Amino acid sequence: MTAFIEFRSVSKRFPGVQALDGVGFSVARGSCHGLIGENGAGKSTLGKILGGIHGADAGEILLEGRPIRPQTPLEARALGIALVHQELSFCPNLTVAENLCLGDLPARRGWLDRARLRARARGMLAEIGSTADPDALVGTLSPGREQQLQIAAAVGTGARVIVMDEPTSALSAGETREFRRLVGDLKARGITLIYVSHRMDELFEMCDAITVLRDGRHVSTEPIGATSPDRVVSQMIGRTLSAAQSAHLDLCPGGERLAVAGLASPGRFTGVNLSVRAGEIVGIAGLIGAGRSEVLQAIFGLDPAATGEVRVDGRGLRLGSVTAALRSGLGLLPEDRKRQGLVLTMNVRENCTLSALSLFSRGGWMRRRAERRAAAEACELLRVRTPSPESPVAGLSGGNQQKVTLAKWLVRSCEVLLVDEPTRGVDVGAKAEIHRLLGDLACRGKAILLVSSELPELIGLCGRILVMRGGQVVSEIGRPDFSEDALMRRMTGLAA
Amino acid sequence: RTITIGVIAKSQSNPVFQAARVGAEEAARDLGARLHADIRIDWRTPNDEDAQKQAQAVEQLVLAGADGIAVSCSDANKLTDAINAAVDHGVPVATFDSDAPASRRFVTFGIDDEKCGEVIMATLVKTMNGRGVVAILAGSQNAPNLQKRMRGAVAEAARHPGITIRGVYYHKETPQDAAAKVEQVMEANPDINGWAMVAAACLFTDNALPWQPGAVKCVAMDALPPELAYLRSGQVQVLYAQQCYQWGYRSVELLVDRILLDRSPASVKEVSPLIRVDPSNVDAFARNWDVWLRK
Amino acid sequence: MTPRRLTPVLRLQECGIIAVILVLGILLTWFGGTVRAPVFERGADGARHRVYETGADGARVPAFAVRNKFLNAQNLAQLAKDTSFIAIMAVGSALVIISGGIDLSVGSLYALASVLGALVLRHLGPEGSGAAHHGWQGILLAAAACLGAAAACGAINGALIVVLRVHPFVVTLGSMAILRGLAFVITSGQSVGGFPDGLRALVRFQAGDGLTVIPLAAMVLATVAGWIFLGRLAAGRRAYAVGGNEQAARFSGIRVARVKLLVYTLSGLSAGVAAFLAIGYYGAASSGDGQGYELSVIAAAVVGGASLSGGRGSALGVVLGALVIQMIGSGIVLLGIDQNYSQIVLGSVVIAAVVLDNLNTWLARRQFLK
Amino acid sequence: MTPRRLTPVLRLQECGIIAVILVLGILLTWFGGTVRAPVFERGADGARHRVYETGADGARVPAFAVRNKFLNAQNLAQLAKDTSFIAIMAVGSALVIISGGIDLSVGSLYALASVLGALVLRHLGPEGSGAAHHGWQGILLAAAACLGAAAACGAINGALIVVLRVHPFVVTLGSMAILRGLAFVITSGQSVGGFPDGLRALVRFQAGDGLTVIPLAAMVLATVAGWIFLGRLAAGRRAYAVGGNEQAARFSGIRVARVKLLVYTLSGLSAGVAAFLAIGYYGAASSGDGQGYELSVIAAAVVGGASLSGGRGSALGVVLGALVIQMIGSGIVLLGIDQNYSQIVLGSVVIAAVVLDNLNTWLARRQFLK
Ligand SMILES: Nc1ncnc2c1ncn2[C@@H]1O[C@H](COP(=O)(O)OP(=O)(O)OP(=O)(O)O)[C@@H](O)[C@H]1O
Ligand SMILES: Nc1ncnc2c1ncn2[C@@H]1O[C@H](COP(=O)(O)OP(=O)(O)OP(=O)(O)O)[C@@H](O)[C@H]1O
Ligand SMILES: [Mg+2]
Ligand SMILES: [Mg+2]
């Protein structure tokens, strides 16, 4: 195979970190090239350099043997390069169709051609098999939908090269299957894909070759046949992971800690009943828009329209008040870290302690030493890769940002944790770390309600899984009956 | 010898003070030539009326070594301390246009705003033969001198039983807003047949008044060049001009007398009379502006 | 199916502010009461004369007509005229606000454009040295000076914001001072008048009894232009995109700098249009003109539903917002409210109007959900 | 390791504005030139007298000292004093800006608080009916009226914003008109003076030659208070969080409404403090006070590095920003620049200062990278 794209000792430095350090490898035409590495290894940075968002400090990129140096996304697009961003970035005030065609609005002498706009958007959505309404406002979509749009937007530009930066991190199992079909299609059309993901199974299913990055350096590029998941993991993190089943599953769950009865919110979900016992992790599975996130948010007091009964440790909880939820020992790890989880203008330490300010202050004064220690410990525990806890959180890689949102709830020790997509964008090492952590928390008698779109995660961690569809809990499965297939059937409505 | 005289008017945005500035600068030239001194005018007027900025300017002038200060006080109370401090530092202060009576300024030159309002209303009442419905246009609500004029006008109207005041109207002090206000008021109250304009910014536009000549009587403050056209057209009966050029000229003259010749005026109060401008003397008066606004 | 979805939403968007206007209008009609106004007629020579009628005692007395203070053609025409200047500027400013910026310099820009236009007009006027060039060319020249300068100042604002990467609040705060200073220096603080009659006759031309059509037409045109720009042109979509999420817009390949340059230029231009109409109507300009308009204009935009965080707003809404503010101001005069309380009333009603607007949207939304 | 890293970053943040101040200071010292100032001495009675010396011809002539126009104790003291009123308000306003809001009502609030305080003081003054209550209690009472009213108005602003869910720009634009209207109605537009001497003597007390300590001390106190609030208190952290990402703050269990209420109250309070100092210093108040201060205050905050999109800013930076603006104003006077050009210069230098500040941060960052 000829080298279609060739990276030659590409380097990039950000304040305090060397994100890329002399990375060089080549990508064959029409292949799907996997890119993997720990959080902060520099995968997104490499993609952004190719996509014209960052400029490289040193090194060069050859496309079909010619050096290229895109300075803006527009130039990159002219070269036939498109980027699916890791961080969801759309204009929430515009419609789906407008967002999809934003860079190249169909217009005749400046006049917008709405019919063509809508038609083109429909085409783009159909291509990825999405059913989204082209006239819906993007701001009202769930992250999963938004991610589909990101993919549609990149594919729709007719690019020769598409960099996909964790395109499935917000997709649920069903959509991910659809997506795999799409990748096959694209490859068949001769489009070259650079595919960044932390999901090993996806990489091995779709990719023709895998490049491993570590600390901004190139470790290896090997064809898929010459490597194995274990080998990739050890190249990535320098050791092998032992897949130990969490101890909490062997313990007998204690008394009921969280009880939800008849929880409903008009237009969102109805009649949700569930209970979580001490030491138990209960999962919720569902497709995009099934209403899982909204149930968690309602329990946490973020939905003023919610009605029903929520009891924590037997005591009734006033709905619609986050303060009451916090007081009763609830914690919520939100799914959208950028909008709901992090304050990007703050540094890592400040973000870590945001939900526990009262713990770190006495009479209103911050106990700065305690705060610093707690933040440093949480970062250590979760292996947040940051120059220091004082660095701005906006400069962290996506996965590390996700870890900070989790750290926020570790710092405040909650009795009942509502966890929404805890490992979105987190590397395999850290993911195992987080899984172990959730298990440990359960062992210590906490109750955890876990929403995840990754079925293996649910299957590996949960004692029971509830399946939601169309705003209702449609079934509950016990551990003995777990299988991806059983879950999928229920999620899509093929089985009750 | 070089002497510096600080002049602080109320606001840059009010055109009458530009004439005061010309007056002050011309006085400096005239007197400098006569007394063989180099007289400099240091013009320190806030952009909009702000007594605190004026007080700061007085303090700054004292620090900068000014030999005398002339000030038109936006708020007498606020400037009193600053003026006294300047006098303590040996810098004589004169006030013009608006006085600070409680301060130790050695002279004040200007009109009495309350009196001015009275005169305007009295003239208006006379042109209306003592009967009718009047409105008062009073500029910015928060300008103390306009408030005084307005009170004078209201008090005067109260002395004439045939006169009803329909209202006192404030507006943003731009000519166009003032003109729009007059139109609105006339639309809402077609029975008004007399206007006392203690602030006549609207007359700085060319087509402000929505009435036929004579249908409504109007007496207004100031007689700047654009206003004179209304006298000629008959939409305005009388204008009262302030001696704005003289504010500058006379203040500087009094200060220089004091500083160089050690001469004090006969009286602390020197009244600058209002000049009545009506169609009979409008052309003669108009020629003044060639001098007063010379650049 | 899709277009049907879009339309009610669009209608919803401005129906709050329309409701506010209706409420205000009804209140003013009800409480404004009536007035006896003298009756005029237009003579054969085109001049207006009072109408006389024969009284009970046979004497010839001037005729009066009783009419509602608020709800009569002349008053509404005047309201529309008074609104037009601010409304035209507000449309331009709304573009800036929609694209996520803010323009504090419109008031000063208006003053500078007025003054420049007025200087040209005076030159051409009866006392100017260029009176020979009278006529259409002269007016066009003045319009070119006024609009050209305004658009250029707007473009400079935009360029500074783009090039210096400084928050638009700072840049336009700076240019607000600079432009007014320039206007002052150019005129030495004196009012500039003495225009040729042509322009005044044109701008003040009244169709029917008291309906000044030109400012009104200009306002309608500006609204339509704003509506087309925002709703029908690709450039408008880009402005919404930049205001909604600048980074996303940049990542999708929108030339953000160009969009910003454009909206600030248009904002400047709209201030220039308003300035030219105003000097035509009032017949003079001074450097003090337009003081505080920046806040009125932004208030109009916000009352009209534009979001200061960018990405939201419509041309029609903004013009209606300007109308609301003007209605409050003239309502105070109409109702004979003591002028001492005018600011208190104005402030309260502005807040109330926005609250009402929000309430309405909220109610409509609930309806929609059911 | 962490604390060491923290310090340079913190220092970096304000070093841009400090550099701007140094540049301005050097320019003014250099180009301001010198002045012959009369020399005074304080006599045994505490009053100031001019110093005389014997001239060349044996005559007794007043003594003069030549000194730099800018760089001399009195001038700097005066600069500090003139800055203090705006700076104190700016600290409060910065809290609002940091929490993602904006407060346009500070100027009017300042006027209302001034007027209320002044009314109490006049009542206690030599001509007032309460002259008997003279002394400390009286002054405290006036301070309570002034600060209490200011904080209450601020709290009302905050409450309206929280309860009505209206953009703070609109609410404070409304209250800007309302509060000024109230100040006007209360005073009927007349200046309120005639205070007891105690307060004036206190506020105007000069240590050394011309150094008015009280406003200066108040400014320093306000800065320190702002610094503690923002940097050391949990409440300050919450304000940053709300400004940085309101939704994330809410998801973290921060009571956003409470934070907003607090910052607007503090903003009001700071305007009250400035108002009380100003009436003490200038000895009177009127409803026209503080006109346009809202923009000066916001400009100070922005020049001082606060971000209008929220989440960024510091108390020290904001005070330094106020100092920069005051320096420009007094620099225009010092350099003898014609007042006609003052606005042009002011506007240009404000933009330049912000650009320089940004440039500096950018350079420092690059340095940091190496
Ligand atoms: N804009 C930025 N400013 C400062 N530092 C940055 C910036 N972008 C990335 N970095 C840093 O560069 C390094 C590489 O980041 P990058 O986003 O490429 O990681 P990644 O491999 O994509 O990780 P993840 O799997 O978590 O997405 C990280 O240490 C990150 O903190
Ligand atoms: N802010 C919002 N406004 C309006 N509708 C919303 C909003 N957020 C979510 N929705 C809609 O509510 C429904 C439930 O969304 P939710 O995010 O709870 O689903 P989910 O099961 O968590 O899916 P995902 O995997 O995408 O997070 C979806 O149809 C979504 O489009
Ligand atoms: Mg990444
Ligand atoms: Mg979800």
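In what follows, chains are A, B, ... by sequence order, proteins preceding strands, each numbered from 1. As the structure is a computational prediction, the values presented were derived from the model and not from experiment. Just so it is clear, the values below take in all heavy atoms, side chains as well, and ignore hydrogens, waters and symmetry mates.
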- line: Honestly, the part of Leu302(A) sitting under 4.5 Å from a heavy atom of chain D is side chain

field: Engaged part of Thr353(A) at the chain D interface, taking heavy atoms whose separation is under 4.5 Å
entry: side chain

- request: Can you establish whether the number of heavy atoms outside Gln71(A) located under 6.0 Å from its atom CD is more than 12?
  value: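 Yes, because the 6.0 Å sphere around CD of Gln71(A) holds more than 12 heavy atoms from other groups.
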
field: Within 6.0 Å of CZ in Arg258(D), more than 12 heavy atoms from elsewhere
entry: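 No, the 6.0 Å shell around CZ holds no more than 12 heavy atoms from other groups.
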
- request: Could you tell me which residues satisfy side-chain contact (heavy atoms from CB on, under 4.5 Å) with Ala145(D), sequence neighbours excluded, listed by chain and number?
  value: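 Per chain and number, Ala145(D) pairs via side-chain contact (heavy atoms from CB on, under 4.5 Å) with Val120(D).
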
query: Who passes side-chain contact (heavy atoms from CB on, under 4.5 Å) against Ala155(D), sequence neighbours left out?
result: Thr265(D)

What are the two closest non-hydrogen atoms of [X] and [Y], and how far apart are they?
| X | Y | result |
| --- | --- | --- |
| Ala248(D) | Leu342(A) | CB-O, 3.5 Å |
| Met346(A) | Arg237(D) | CE-O, 3.5 Å |
| Leu326(A) | Gly253(D) | CD1-CA, 3.3 Å |

- prompt: Does Asn245(D) use its side chain to pair, donor to acceptor, with the backbone of Lys338(A) at less than 3.5 Å?
  reply: yes

task: Tell me, out of Val343(A), Val322(A), Leu332(A), who's got the most heavy-atom pairs with chain D below 4.5 Å.
output: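 Looking at each of Val343(A), Val322(A), Leu332(A) in turn, Val343(A) comes out on top.
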
- prompt: Passes side chain to side chain contact (heavy atoms under 4.5 Å, CB included), Arg339(A) versus Phe251(D)? Steps please.
  reply: CA-CA 10 Å; Arg339(A) 283 194 214 147; Phe251(D) 269 71; over 6 Å; no

message: I'd like to know which of Gly310(D), Gly244(D), Gly243(D) tops the heavy-atom pair count under 4.5 Å against chain A.
response: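 Result: the option with the highest number of such pairs is Gly244(D).
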
field: Side chain proximity check, Gln340(A) to Gln247(D), heavy atoms < 4.5 angstrom
entry: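 Counting from C-beta outward, Gln340(A) and Gln247(D) do come under 4.5 Å.
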
task: Measure Leu233(D) against the heavy atoms of chain A and call it side chain, backbone, both or neither at under 4.5 Å.
output: both

- prompt: What residues of residues 358-365 of chain A sit under 4.5 Å from chain D when only non-hydrogen atoms are counted?
  reply: Ser358(A), Ser361(A), Gly364(A), Trp365(A)

task: List in chain and number order the residues that pass side chain to side chain donor-acceptor pair (under 3.5 Å) with Tyr110(D), two or more places apart in sequence or in another chain; answer none if no residue qualifies.
output: Gln52(B)

